[in-house]
Colleague: 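Mind having a look at this structure? Questions to follow.
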There are 2 protein chains.
Amino acid sequence: MIEGPYIAEAAALIGDPARANMLSALMDGRALTATELAHVAGVTPQTASGHLAKLKEANMLVVERQGRHRYFRLAGPEIAQAIEAISVVAQQGAPRHRPTGPRDEAMRFARTCYDHLAGQVAVAIVERFVELGYLVEGDDDFDVSDAGILALKDFGVEVESLRGQRRAFARRCLDWSERRAHIGGALGAAFLARCEAQGWLKTKAGSRSVLVTDAGRKGLSKSFGIGLPA
Amino acid sequence: MIEGPYIAEAAALIGDPARANMLSALMDGRALTATELAHVAGVTPQTASGHLAKLKEANMLVVERQGRHRYFRLAGPEIAQAIEAISVVAQQGAPRHRPTGPRDEAMRFARTCYDHLAGQVAVAIVERFVELGYLVEGDDDFDVSDAGILALKDFGVEVESLRGQRRAFARRCLDWSERRAHIGGALGAAFLARCEAQGWLKTKAGSRSVLVTDAGRKGLSKSFGIGLPA
DNA sequence: ATCATACTACGACCATAGCCGAAGTGTTGA
DNA sequence: TCAACACTTCGGCTATGGTCGTAGTATGAT
């Protein structure tokens, strides 16, 4: 086999705890400074600098200078996809002890996945939309029915303008905590953006956790009949 | 971040050259013995044994005993998907020197990817099918037109019977060597199987390389107007 | 029975690479 | 101009883990 070593190189790069933490922190698509990343990784700035240089060298990260700061972000959605795919494997490969702290709970409930919503809330939304006939679950992606197009238009998302972009329209993205699919792609991103604009969801700075506001709970219930656990 | 370490664990497992070689060799979905895997990895049997134990422990591989042999295979398509996703990242992260040996050439030309065809030949087929209007390229998968259904039926593949299976129907699978999509899923597998049955393609034992027979060249040209480079 | 084969367990060796302290460059602000 | 800050480079320490030799168990062939 010839490609093994190249795969190994990339996987080994992700396979260091400090770097994996950094990449995880960048999964929501935002850019963080080297110092922030050093913090989430739990290493000193000089160690972090080395890691970041390697990730950049491998084209997994891109960097923008801004004054004396250097902002790092994922080089593209393929990187996020690879990390998600590894997450899935890591999840099922672990029947052993796995403590779940409060922070973990929040992440399970609602979080960002690159630029769309993931977690219990995301899965609940998808399930309800399928139930209502708004979404049709395909093999690798979703399709939106005419009823779905109307409902989303009411909500403030223009579905048709999202098609035919370079990125996937409505990717079926496997949720690592729920082991069920949620919506990624252009539609997933647009939906999350609209929820934020409505004040239904708030993304916390420095974390992938997403807060569902009271207005959000009410809105999801009233508009779509989605009830969330307390 | 809470999931970083778990991701790192799984990625590190893939991130060793010997293990990556083994996993690559298993990408076509077949089962290989520990000795065969030691060979493709270029390590001694006792080293291979340790690696295989780790991969099994992590639920990436499953093992079947058969007499004094132990056959290892990928634990599921998620594993293959994760490795493919890493392949894509590894590919674009490498603008540096990358020698291509003859074996590499054969792999680039035609190989198996889990259980369907990949490489130049696979991409040429897809491009021609799209040109003929047989296939419609979606975001994450393909759809087959009525004309395509007829043409494939002529060729010996019953398209309709492949839909609605648990596995994806016609996954749009990114080809790491060509950087273009080829057909995966149930349709991809059925097409490869039919080509083998026709004597158009021959899979070599112990390798992912696929040989295109003279009959195959003629058939592809005559039936579909696909010309392959010498 | 005896031998060969397939695989595993243990132990020792050693290289890779992660880590931090110290010292450097470049940028901002006082 | 000086100091604080963000980040990088270098060098040395250390530990993790991949490697193989030796030795063991199970299975199959002669």
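None of these values were measured; they are calculated from a predicted model. The sequence lines fix the lettering, A, B, ..., with proteins before strands; numbering per chain opens at 1.
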Colleague: If I take atom NZ in residue K54(A) and atom C1' in nucleotide dG18(C), what distance separates them, rounded to the nearest angstrom?
Modeller: 7 Å
Colleague: Measure from NZ on K56(B) to C1' on dT8(C) and round the result to the nearest Å.
Modeller: 12 Å
Colleague: Within this structure, what is the CG-to-C1' distance between L13(A) and dG18(C), rounded to whole angstrom?
Modeller: 13 Å
Colleague: Nearest to the T44(A) side chain among dT27(D), dG21(C), dT8(C), which nucleotide is it?
Modeller: dG21(C)
Colleague: Specify the separation, in whole Å, of atom CE of M22(B) and atom C1' of dT19(D).
Modeller: 12 Å
Colleague: If you only use heavy atoms from C-beta on, which nucleotide in dG18(D), dT8(C), dC20(D) is closest to the side chain of T47(B)?
Modeller: dC20(D)
Colleague: Which is more 5' along DNA chain C, the nucleotide nearest G67(A) or the one nearest A18(A)? Just name the residue.
Modeller: A18(A)
Colleague: Please report the interatomic distance NZ(K202(B)) to OG1(T213(B)), rounded to the nearest 0.5 Å.
Modeller: 6.5 Å
Colleague: May I have the distance from R70(B) (atom CZ) to dT8(C) (atom C1'), rounded to whole angstrom?
Modeller: 9 Å
Colleague: Give the rounded distance in Å between these two atoms: NE2 of H69(A) and C1' of dG29(C).
Modeller: 12 Å
Colleague: Do S24(A) side-chain atoms and A20(A) backbone N/O form a donor-acceptor pair below 3.5 Å?
Modeller: yes
Colleague: Of the candidate nucleotides dG18(C), dT19(D), dT8(D), which contains the atom at the shortest distance from the side chain of F72(A)?
Modeller: dT8(D)
Colleague: Hey, is the side chain of H51(B) poking within less than 4.0 Å of OP1 or OP2 on dG17(D), counting only N and O atoms?
Modeller: no
Colleague: Given W200(B) and F155(B), is the ring-ring contact (aromatic ring centres under 6.0 Å, His included) satisfied, shown in steps?
Modeller: CA-CA 12 Å; W200(B) 288 14; F155(B) 178 56; 5.0 Å; yes
Colleague: Find the distance D16(A):CG to dC19(C):P and express it as a whole number of Å.
Modeller: 5 Å
Colleague: State whether the side chain of T33(A) and the backbone N or O of Y71(A) hold a donor-acceptor pair below 3.5 Å, judged by distance alone.
Modeller: no
Colleague: Between dG21(C), dC20(D), dC5(D), which nucleotide has the shortest distance from any of its atoms to the side chain of Q46(B)?
Modeller: dC20(D)
Colleague: Send over the distance from R68(A) CZ to dA3(D) P, rounded to a whole Å.
Modeller: 16 Å
Colleague: Counting N and O atoms only, with roles assigned by atom type, does the side chain of R73(B) sit under 3.5 Å from a partner on the main chain of E64(B), one being a donor and the other an acceptor?
Modeller: no
